[in-house]
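Here is the naming used below: chain letters follow the sequence lines, and residue numbers restart at 1 for every chain. What's counted below: heavy atoms across the whole structure, side chains too, no hydrogens, waters or symmetry copies.
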There are 2 protein chains.
Amino acid sequence: MQSRKSKQRELVLKVLTGTRSHPDAEWLYEQARKEMPGISLGTVYRNLRLLKARGEIQEILSGTSGSRYDATVDNHYHLRCLSCGSVHDIDVPVREDINAEVEHATGFSISHHHLEFHGLCPSCRPGTPLSQSINLQG
Amino acid sequence: MQSRKSKQRELVLKVLTGTRSHPDAEWLYEQARKEMPGISLGTVYRNLRLLKARGEIQEILSGTSGSRYDATVDNHYHLRCLSCGSVHDIDVPVREDINAEVEHATGFSISHHHLEFHGLCPSCRPGTPLSQSINLQG
DNA sequence: GTACATGCAAATGATTTGCGTTCTT
DNA sequence: AAGAACGCAAATCATTTGCATGTAC
């Protein structure tokens with residue numbers, strides 16, 4: 001937990017906070033480079049891990065390709081387009097009550113839950129093949 | 001979709017169906033080898049991918065380490081222990097209604113959702129460190 | 001001054017893939 | 001016979017890490 005301040009860490013967080021998309025490490029690296037050309041990809045990864053451990057950002061797992069990251073702090077749900085791969089935040093009430101329900105049913109002590117919806121975004125409805133566009137801006 | 005039968009594929013599915021744990025590819029490979037020593041890890045991966053594409057099995061993503069797999073076909077939720085990493089199925093009613101809710105709220109057409117709970121399993125309560133046991137049997 | 005953070009490059013580890021061969025239909 | 005699927009090993013790709021140096025406190 002003892003971590004010092006660093007320009008690089010602040011920049012990574014700033015870049016991530018500054019977008020509504022849910023970018024991967026590579027994209028964050030490219031953006032960060034624009035402002036600090038010397039920053040390294042390793043440092044981006046190191047800081048993403050640290051920020052996640054601190055609870056300041058969230059990691060969104062993905063089977064293929066790399067993880068996406070999200071700087072939104074409050075609990076919320078995600079929506080992923082099966083065609084273009086974009087990830088969006090959803091403005092739907094979080095069901096905190098189900099944690100207690102699961103605690104009683106299982107004997108675990110639940111700290112949180114992740115809910116992700118999969119479907120097709122409006123632009124992909126017609127049946128756009130996956131390869132056509134990987135849209136990070138959502 | 002044109003896929004032929006193969007002893008290897010049947011075996012991988014049999015092994016996965018035969019356990020209530022949610023093993024990774026390596027574990028499935030080791031088990032499969034007991035019955036068919038010549039099977040290769042690449043084949044296990046190939047078949048896991050094919051079976052998943054067919055909808056016969058499910059992939060459980062995990063940030064660190066490899067994916068876990070689940071042969072349970074009907075929709076259900078997962079519970080992961082933050083300490084030992086074990087994954088369990090939960091017997092809690094699936095909320096199909098929230099798909100429609102999200103469709104209306106977002107304009108996406110939702111096909112399904114994934115819900116995963118994180119917490120500590122009864123055996124890990126005291127505060128067992130992560131490294132002590134990676135329990136695949138749950 | 002201490003020890004955390006960085007840049008760089010090499011290493012890791014899960015998963016995929018190319019290729020020649022074997023099996024299913 | 002055609003082309004799936006296999007075994008094997010090399011390749012890929014995201015992410016991690018060792019090391020020497022820089023920097024925050």
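Take the nearest nucleotide of DNA chain D for B:N47 and for A:S67: the residue whose nucleotide is more 5' is B:N47. Take the nearest nucleotide of DNA chain C for B:G66 and for B:K7: the residue whose nucleotide is more 5' is B:G66.
The shortest distance between the side-chain N/O atoms of B:Q8 and the OP1/OP2 oxygens of D:dG7 is below 4.0 Å. In this structure, B:Q2 reaches the D:dA4 phosphate: one of its side-chain N or O atoms is under 4.0 Å from OP1 or OP2. Of the side-chain N and O atoms in A:R49, none sit less than 4.0 angstrom from OP1 or OP2 of D:dA14. Residue B:S6 places at least one side-chain N or O under 4.0 Å from the OP1 or OP2 atom of D:dC6.
In this structure, of D:dT17, D:dG7, D:dT16, it is D:dG7 that holds the atom nearest to the side chain of B:R46. For A:K5, counting side-chain heavy atoms from C-beta on, the closest listed nucleotide (D:dT16, C:dG7, D:dC25) is D:dC25. Listed nucleotides: D:dT15, C:dG7, C:dT16. Nearest to the side chain of A:Y45: D:dT15. Of the listed nucleotides (C:dT15, C:dC8, D:dG7), D:dG7 has the atom at the smallest distance from the side chain of B:S40.
Atom-to-atom, NZ of B:K52 to C1' of C:dT16 comes out at 14 Å; the value is rounded to the nearest Å. Atom C1' of nucleotide C:dT21 and atom CD1 of B:I39 are separated by 17 Å, given to the nearest angstrom. Rounded to an integer number of Å, the gap from A:L28 CG to D:dA14 C1' is 14 Å. Here C:dA14 presents its P atom at 12 Å from CZ of B:R68, a figure rounded to the nearest Å. In this structure, A:L11 places its CG atom 11 Å from P of C:dT6, rounding to the nearest Å. Remark: P of C:dG13 and CG of B:L41 are 14 Å apart, rounded to the nearest angstrom. Rounded to whole Å, atom C1' of C:dT22 lies 15 Å from atom CZ of B:R9. Atom pair B:Y29:OH and C:dG13:C1' shows a separation of 16 Å (rounding to whole Å applied).
Among all heavy-atom pairs drawn from B:L50 and B:S3, the shortest one is CD1-CB, 4.3 Å.
Below the 3.5 angstrom threshold, one finds a donor paired with an acceptor across the side chain of A:R4 and the base of C:dA3.
Between the side chain of B:R68 and the main chain of B:I60, no donor-acceptor pair closer than 3.5 Å is present.
By the ring-ring contact (aromatic ring centres under 6.0 Å, His included) test, A:F117 is found to be paired with B:H113, residues two or more places apart in sequence or in another chain being considered.
For the residue pair B:T43 / B:Q8, no side-chain donor-acceptor distance below 3.5 Å is found, with atom types taken as modelled.
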Inset, instruction - List the steps, then state whether salt bridge (Lys or Arg N to Asp or Glu O under 4.0 Å) holds for A:E101 with B:R95. - result: CA-CA 13 Å; A:E101 186 181 339; B:R95 317 288 174 84; 3.0 Å; yes

